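A short worksheet on the structure shown next.
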Amino acid sequence: MHTHRIGDVTILGDYAEVPGLGFLPVNAFVLHAEQPVVIDTGLSTTDKDFVSALAEVLDPTDVQWLWITHPDRDHTGGLWALLEAAPAARLVSTFIGVGIMSCEWAVPLDRVFLLNPGQVLDVGDRRLHAFRPPLFDNPATTGFLDDRSGALFSSDCFGAPMPSLDLATSTDVRAVGDQVRDLQLLWASVDSPWVHQVDPARFRATVDPVRAMGASAIFSTHLPPVAEPDDRLYETVLLAPQTNPFVGPDQKALEAMLATFEPA
Ligand SMILES: [Fe+2]
Ligand SMILES: [Fe+2]
């Protein structure tokens with residue numbers, strides 16, 4: 001896990017290699033607000049130690065808010081260890097999010113703070129405006145805009161698998177170049193397969209309000225940081241309903257792939 005700070009936000013960057021797709025960035029974040037906020041907690045594989053990585057950035061006992069944008073396994077890796085290491089932290093999620101987490105853990109309800117899209121969380125020196133990103137893969141998904149710095153946290157939305165490890169861990173999306181558009185559309189098709197059933201005009205009505213927020217920087221879990229967002233990001237997402245649906249490798253393809261792993 002590498003760390004990199006942009007303004008009030010530290011990125012705790014990691015990645016997952018996905019055969020056939022590439023290297024998917026898996027970022028978590030610290031928002032250095034008066035009441036510090038951790039946003040997502042990385043991958044759930046046993047080789048990860050999120051709390052130790054976080055401790056390089058701030059004392060975990062200082063964490064006041066732990067915002068899980070949605071309880072998929074690439075967002076909850078360090079969740080329970082961090083709740084133990086940060087006794088003051090409240091777990092920000094939705095009713096559905098807590099319900100999903102409760103299928104695996106005894107969620108301490110006295111630590112939970114339920115926040116719906118459209119609602120606001122006061123973290124001392126700023127307010128975090130929760131919203132549902134236009135692309136998502138989980139009914140609990142909630143991103144937010146920090147109204148002091150203009151940083152926008154979009155969860156899975158705007159993500160893209162990268163062709164190399166270097167790009168997946170890059171500190172600026174501009175390193176990816178123009179190919180980022182097609183990679184984002186591929187990810188949209190993988191992660192939000194419902195988008196192909198959506199009327200483009202109605203879909204636009206979910207993108208425009210996010211564009212109108214005028215974010216100063218965009219932090220997606222699955223994209224290198226966007227330090228200077230421009231219109232291209234939103235125009236790309238608007239194309240998602242018209243792209244080809246993603247079809248994953250089948251058993252024949254898996255066997256062909258495994259054969260290439262066998263020693264000569
Ligand atoms: Fe997800
Ligand atoms: Fe994700």
Side-chain angles (χ1 to χ4, degrees), residues 1-2 9 11-31 37-45 47-48 50 53-54 66-80 82 91-105 115-117 130-144 151-162 165 167-170 173 176 180 183-196 198 206 210 218-226 233 236-237 240 245-246 248:
M1 199 168 252
H2 66 279
V9 178
I11 300 100
L12 293 104
D14 200 358
Y15 69 94
E17 188 174 0
V18 186
L21 279 186
F23 297 84
L24 185 68
V26 181
N27 303 315
F29 308 97
V30 175
L31 176 62
V37 187
V38 170
I39 301 104
D40 289 336
T41 57
L43 291 160
S44 295
T45 51
D47 58 325
K48 306 295 178 188
F50 181 78
L54 178 69
L66 172 48
W67 186 308
I68 296 294
T69 64
H70 64 292
D72 284 354
R73 295 296 190 85
D74 51 328
H75 300 251
T76 57
L79 165 57
W80 302 106
L82 182 54
L91 170 60
V92 182
S93 183
T94 65
F95 180 77
I96 302 285
V98 172
I100 293 170
M101 289 184 243
S102 300
C103 296
E104 189 166 4
W105 300 284
L115 195 76
N116 284 325
F131 69 96
R132 172 175 280 175
L135 292 170
F136 59 87
D137 71 344
N138 182 304
T141 302
T142 312
F144 69 86
L152 184 148
F153 296 84
S154 67
S155 194
D156 284 4
C157 186
F158 303 121
M162 295 289 142
L165 175 54
L167 288 176
T169 54
S170 144
V173 74
V176 187
V180 73
L183 296 168
Q184 285 180 302
L185 290 173
L186 170 62
W187 176 247
S189 173
V190 170
D191 197 55
S192 306
W194 51 265
V195 77
H196 304 295
V198 173
T206 69
V210 180
I218 293 182
F219 299 97
S220 165
T221 310
H222 302 305
L223 189 74
V226 183
L233 206 64
T236 297
V237 163
F246 173 75

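Predicted, not measured: the structure shown is a model, and the values here were computed from it. Whatever order the structure lists them in is the order used to number ligands and atoms, beginning at 1.
Here the closest heavy-atom approach between residue Cys157 and residue Leu135 is recorded as CB-O, 3.4 Å.
For the Fe ion (ligand 2), the set of nearby N, O or S atoms under 2.8 Å includes none belonging to Asp191. At least one N, O or S atom of Asp156 sits under 2.8 Å from the Fe ion (ligand 2). Contact annotation: His70 places no N, O or S atom under 2.8 Å from the Fe ion (ligand 2).
The aromatic rings of Trp105 and Trp80 sit tilted relative to each other, their planes meeting at an angle between 30° and 60°. Between Phe29 and Phe153, the ring planes are perpendicular. Angles over 60° get that label, and only those under 30° would be called parallel.
Ring pair Phe136/Trp194: centre-to-centre distance below 6.0 Å.
Distances from the Fe ion (ligand 2) to each N, O or S atom of Asp74 single out OD2 as the nearest.
When each of Leu79, Val92, Asp40 is paired with Leu66, the side chain to side chain contact (heavy atoms under 4.5 Å, CB included) condition holds for Leu79 and for no other.
The angle Asp72:OD2 - the Fe ion (ligand 1) - Asp137:OD1 amounts to 80°, with values rounded to 10 degrees.
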